[in-house]
Amino acid sequence: MSDQPDATAPSVAETEHYDDLNTSAGAAPAVDIARPDESAAPAPPRATFEDLGLSEPLLRGVVEVGYIHPTPIQEQAIPVVLMGRDVLGCAQTGTGKTASFVLPMMDILAGSRAKARMPRSLILEPTRELALQVAENFAKYGQHMKLNYALLIGGESMSDQTDALNQGVDVLIATPGRLLDLFERGRVMLADCKVLVIDEADRMLDMGFIPDVERIVSLLPPLRQTLFFSATMAAEIRKLADAFLQNPKEITVSAPASVATTITAGVALVQPHDKREALRRLIRSEDVQNALIFCNRKRDVDVLYKSLTKHGFQAGALHGDLAQSVRFATLEKFKAGELRLLVCSDVAARGIDIGGLSHVFNFDVPFRDEDYVHRIGRTGRAGREGRAFTIATADDVKLVSAIESLTGKPIPRIEIPGLDPVTAEELAEAASAPRGRGRGRPAAKGREREERPRREARGGERGPSRVREERPARPEAEARPAELRPAEEVRPPRREDRRRDRREDRQERREDRRDDLGPPVRGFGDAIPAFMLIPIPRPQREAATAVPAAAPEDPADSAAA
DNA sequence: AAAAAAG
């Protein structure tokens with residue numbers, strides 16, 4: 001490991017190093033902050049890991065993995081953490097955040113050993129995949145360190161984890177649920193945890209983990225070092241940070257949400273029944289190396305995964321209802337290139353370390369605008385171009401404009417020829433419909449029957465031009481990528497495809513209904529029949545309680561009530 | 001609205 005490659009080909013080598021560290025932190029930058037600055041700035045002599053005060057064996061581990069230069073957050077945070085100070089880090093995944101706490105923690109913990117069931121440090125992560133990645137970091141850098149770590153996550157054997165705890169653990173990496181579970185079983189004590197990392201605090205908040213986190217923090221000794229990381233610093237997050245931290249050093253390496261310049265984005269407006277066909281056409285017309293395909297619901301992940309597989313695509317599925325072993329195995333296959341397409345829920349939207357995605361497809365427009373940024377941020381890394389396409393229906397246009405106002409950038413409209421156009425009336429109707437009720441399947445179904453233009457009414461310019469009329473303020477309409485319209489794609493969906501899509505839609509709706517209603521349950525609603533209010537007669541005290549009217553032998557009365 | 005996390 002010399003400086004040679006760095007000096008001769010700085011852009012390549014540095015990008016790679018930087019990106020690898022990003023990778024170690026778990027993600028592509030949803031928001032590209034550092035890279036443009038880096039290329040624009042007249043590069044001053046950059047720090048190396050040797051400048052940060054890390055120990056010799058640790059540095060050896062870092063160098064062997066091939067890293068020379070720390071990322072900005074690493075450069076700023078590592079010395080502070082080594083001093084023992086609290087840190088409030090405002091950084092997206094992809095900034096090298098993980099190494100910024102993993103490395104100094106290893107040095108802080110080196111030299112003494114943990115007692116059984118008394119871990120010396122704790123890292124809280126919101127998802128199992130993230131926890132696994134942090135654990136992998138300890139393994140990667142800690143080749144020459146004698147540190148134990150244990151991964152406490154749900155969905156895996158508890159006895160293995162208990163065994164590990166009994167061995168004595170220096171670093172505990174956990175998701176909140178399983179940690180509390182094991183604590184309540186008396187398998188782990190937290191009284192000796194002198195270092196605490198709360199990672200992805202904003203996501204913990206989104207996921208409703210904060211009560212758990214507060215509970216866990218209350219089990220830790222008050223005299224400890226706390227490192228708190230969040231991608232955003234909303235008021236609520238700051239309040240939390242105030243509660244957990246003491247005189248923290250604030251380190252911020254982020255910018256207002258914006259989409260990385262290396263990502264080419266587009267959104268296609270289609271009819272609900274054309275979504276799958278639209279996706280298939282997009283995939284076929286693009287040079288897809290490997291892509292994530294996001295759905296909003298777990299069931300839709302399953303449905304779409306099956307549908308793509310039936311259409312001959314090489315796909316996998318990933319969501320939180322799948323067995324943990326399957327989750328990790330699928331992710332591994334995808335990373336290894338055995339699967340080209342991964343249909344997933346928002347489990348994979350943040351933090352998961354999948355390098356070098358060529359594409360992200362949003363089969364559904366995400367409900368929350370930030371999620372869009374996180375999703376498409378999985379592509380377009382390391383200066384490579386990424387492409388992100390979203391499939392939207394008329395009902396989704398409000399969500400799309402929310403995203404556009406968040407990023408401050410319109411998403412260019414793209415056309416997928418040959419599909420039923422979305423009419424101006426439909427857009428107007430969707431725009432005027434109240435959010436919540438009125439959107440969704442029943443309304444779409446009615447419209448589908450009455451208003452959808454016949455196939456022969458689909459002219460070359462009719463649908464698209466009407467769509468554009470609807471959005472006169474969109475100058476980017478002509479910026480749509482031409483390669484999305486290869487001539488051979490301008491043909492209607494094959495009839496059997498269309499039939500299959502409809503069948504899948506029906507099936508999905510059936511399942512929806514089943515789930516919504518569940519097995520038929522009969523109840524009384526708010527009206528409690530009078531007979532239920534009559535006390536069970538006791539031999540002596542029959543007249544003690546005054547109950548009016550209905551007698552048990554008069555069922556008509558109770559039915560009326 | 002949905003997803004995530006404890007079975």
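Taking atom CD of A:Glu125 as the reference point, atom P of B:dA5 lies 12 Å away to the nearest angstrom. For the pair A:His319 NE2 and B:dA5 C1', the computed distance is 15 Å after rounding to whole Å. As a whole-Å value, the separation of A:Asp371 CG from B:dA1 P is 15 Å. In this structure, the CG atom of A:Asp369 is 18 Å from the P atom of B:dA3, given to the nearest Å. Per the geometry, CG belonging to A:Leu318 stands 19 Å off P belonging to B:dA2, to the nearest Å. Summarising the geometry, the separation between CG on A:Asp212 and C1' on B:dA4 is reported as 12 Å, rounded to the nearest angstrom. Rounded to an integer number of Å, the gap from CD of A:Gln324 to P of B:dA4 is 11 Å. In this entry the distance linking CD of A:Glu370 with P of B:dA2 reads 17 Å, nearest Å.
The pair A:Asp302-A:Lys306 does not meet the salt-bridge criterion, since no charged nitrogen lies less than 4.0 angstrom from a carboxylate oxygen.
Across all strands, A:Arg185 comes closer than 4.0 Å to no nucleic acid atom at all (heavy-atom distances). Within 4.0 Å of A:Gly155, counting heavy atoms only, lie sugar-phosphate atoms of the nucleic acid but no base atom.
Side-chain contact of A:Glu426 with A:Thr423: a donor-acceptor pair under 3.5 Å is present, judged by distance alone.
No side-chain donor-acceptor contact under 3.5 Å links A:Glu277 to the backbone of A:Leu419. At least one donor-acceptor pair closer than 3.5 Å links the side chain of A:Arg340 to the backbone N or O of A:Val288. Remark: side-chain polar atoms of A:Gln74 are paired, donor with acceptor, to backbone N or O of A:Thr71 under 3.5 angstrom.
Minimum atom distance to the side chain of A:Thr127 is reached by B:dA4, of the listed B:dA3, B:dA4, B:dG7. When the nucleotides B:dA5, B:dA6, B:dA2 are ranked by their closest atom to the side chain of A:Arg368, B:dA2 comes out on top. Of all nucleotides listed (B:dA2, B:dA4, B:dA6), B:dA4 comes nearest to the side chain of A:Lys298.
Within the 4.0 Å cut-off from OP1 or OP2 of B:dA4, not a single side-chain nitrogen or oxygen of A:Thr175 is found. At B:dA5, none of the side-chain N or O atoms of A:Arg215 fall inside 4.0 Å of OP1 or OP2 (strictly under the cut-off). For A:Ser345, no side-chain nitrogen or oxygen approaches OP1 or OP2 of B:dA2 to under 4.0 Å. The phosphate of B:dA6 has OP1 or OP2 within less than 4.0 Å of a side-chain N or O from A:Arg128.
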